[in-house]
Number of protein chains: 2
Amino acid sequence: MTENNNNTKNRILETAEALFAQKGYHAVSVREITMAAKCNMAAVNYHFNSKKNLYMEVFRTQWVPRELRMYESFSKELSKIEPHSPNLVIQALASAYLEGPLTNEELKRHRQLIIREINNPTEVIEYVADHTMRPLYRILQQHLKPFFPEHSNEESFTLDILSIFGILLYFNYSRPMITHITGEKYDNAFKTRLITHLVRFSLNGLGANGKDMQ
Amino acid sequence: MTENNNNTKNRILETAEALFAQKGYHAVSVREITMAAKCNMAAVNYHFNSKKNLYMEVFRTQWVPRELRMYESFSKELSKIEPHSPNLVIQALASAYLEGPLTNEELKRHRQLIIREINNPTEVIEYVADHTMRPLYRILQQHLKPFFPEHSNEESFTLDILSIFGILLYFNYSRPMITHITGEKYDNAFKTRLITHLVRFSLNGLGANGKDMQ
DNA sequence: ATTTGTTTCAAACAAATGTTTGAATGTCAA
DNA sequence: TTGACATTCAAACATTTGTTTGAAACAAAT
């Protein structure tokens, strides 16, 4: 009962995620999803009750677990190299964000989707924030705070972390814009240079460049 | 012929911009726009031929000129205080982006709209890039480049500039997210602290903190 | 083979979408 | 005032939207 046709259900979840990420919620129709998933149109309402709920289920069953897997690979990467330095922490974060264990296409989808949700918050944003963003913030705080005791107040540190996320997300969501401005292709070579830049800029931004924390 | 009913045309342009910024192109209907603009539904097609063209006209006649006005006030601010320092340049840029000559609500709309367009590029993005982003990039290059001769290659400098934009835009587009994470209200006091932070982080990021460029 | 419950399907549903129409209203110079 | 034009309007247009329906197909246990 739950094994066979999960096939259809999963196919819908996957194609829906790809399409939502690519075009946004309103620009994708149920017909488009079910066509791509090669199933009947009624399947969406049968398995998910509504288009809106399908959108939320994409986050609950696909996006959040994938993001958490990314945190694990990020944490594992960190635990490999003790003791930490801000440089290594940021390096690992940037890699996880721009490379990670996923393929290029998966990663692009993954980031695009959350950027759309952040930009157009629905009720699912709270679930996502509680299950992924806040935990990640705590991980980073735990690993970076010791190096920056001068951040006496919490807010200053929070803004630093948020700024780093800002840059990381920006270089995802404005990909077309950036290639249009710089005239460069967003290939792997560029991405490598991008990571180097992001790490340096973020580290500098944190105020870690004068000190021997590299 | 063009004075009287410009009233209607302008009302449509203004309400359309507000709604597009608030909800995005697909989430706004022509009926919604004309209701808010207190005019007949057919007025959109009469004055703009299509909804899509109305969207592009919003950029051509409203958004781009407003952005250019912002550059002027930014440039004027800069020319007031010679000689420049990176600190002052970034300070002026951050102020222009988060405060500027516009009211809070206008500025929020203005940034939201371009963020949506960047995130969901249509054909108008090229016009916007050519008329606003590239010129602004040139202004910044002109004022900042002299302080960073170590940026021998162009790309490195470009990425620095883009990163600063990334942070600035991020703190606009993820406003709800940020208040949800930090638990703080996005009021004027917070905004002031935010600007201070952004200037420091960006300056550090550029690599200008060790030197006496403050 | 029959029953039970689940999943798929084509068809239809009401509601909402952007656009078009043609008459009515307004504007203003001749 | 008349005529020519621009603008507004209510109504209707054909499509597309998300959702529902009820029958058919399927699976697995009795």
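So you know, we letter chains A, B, ... as the sequences are listed, proteins then strands, and number each from 1.
- Taking atom CZ of residue F48(B) and atom P of nucleotide dG18(C), one finds them 15 Å apart after rounding to whole Å.
- A cation-pi arrangement is absent between K191(A) and F171(A), since the terminal nitrogen or guanidinium carbon is not both under 6.0 Å from the aromatic centre and inside a 45° cone about the axis.
- For Y46(A), whose side chain is taken as the heavy atoms from C-beta onward, the closest listed nucleotide among dT8(D), dT8(C), dG18(C) is dT8(C).
- Proximity of H47(B) to the phosphate of dT8(D): a side-chain N or O atom is located under 4.0 Å from OP1 or OP2.
- Remark: C1' of dT20(D) and NZ of K51(A) are 17 Å apart, rounded to the nearest angstrom.
- Nucleotide dA14(D) holds its C1' atom 13 Å from the CE atom of M41(B), rounded to whole Å.
- Between F59(A) and Y55(A), the two ring planes are perpendicular [angle over 60°; tilted spans 30° to 60°].
- For N45(B), taking side-chain heavy atoms from C-beta onward, the closest of the listed nucleotides dC9(D), dT8(C), dT20(C) is dT20(C).
- Listed in residue order, the members of residues 29-38 of chain A having a heavy atom less than 4.0 Å from DNA chain D are S29(A), V30(A), R31(A).
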Residues R66(B), E106(B); criterion salt bridge (charged side-chain N to carboxylate O under 4.0 Å, His left out); working and verdict: CA-CA 10 Å; R66(B) 190 187 303 117; E106(B) 282 175 318; 5.6 Å; no
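- Ring geometry, F157(A) versus F148(A): the interplanar angle falls from 30° to 60°, so the pair is classed tilted.
- For the pair R116(A) and F20(A), the cation-pi criterion (under 6.0 Å, within 45° of the ring axis) is not fulfilled.
- Paired regions of DNA chain C, where each region holds three or more successive Watson-Crick or G-U pairs whose two hydrogen-bonding distances fall under 3.5 Å, are C:2-12 with D:19-29, C:14-30 with D:1-17.
- A donor-acceptor pair under 3.5 Å is absent between the side-chain atoms of R109(A) and the main chain of A18(A), judged by distance alone.
- One atom, CG of N7(B), and another, C1' of dG26(C), lie 14 Å apart when rounded to the nearest Å.
- Taking the side chain of A42(B) as heavy atoms from C-beta on, and the options dC9(D), dA12(D), dC9(C), the nearest nucleotide is dC9(D).
- Between the side chains of H47(A) and T8(A), not a single donor N or O lies within less than 3.5 Å of an accepting N or O.
- Remark: P of dT8(C) and CZ of R11(A) are 8 Å apart, rounded to the nearest angstrom.
- Nucleotide dT6(C) holds its C1' atom 15 Å from the CG atom of N40(A), rounded to whole Å.
- Counted by atom type alone, E77(A) and Q91(A) present zero donor-acceptor pairs between their side chains at under 3.5 Å.
- Listed nucleotides dA12(C), dT19(C), dT8(D) differ in distance to T8(B); the shortest reach to its side chain belongs to dT8(D).
- Among I167(B), L159(B), L162(B), the one residue that satisfies the side-chain contact (heavy atoms from CB on, under 4.5 Å) test with F201(A) is I167(B).
- For H26(B) and dA16(C), the NE2 to P distance is 18 Å, given to the nearest whole Å.
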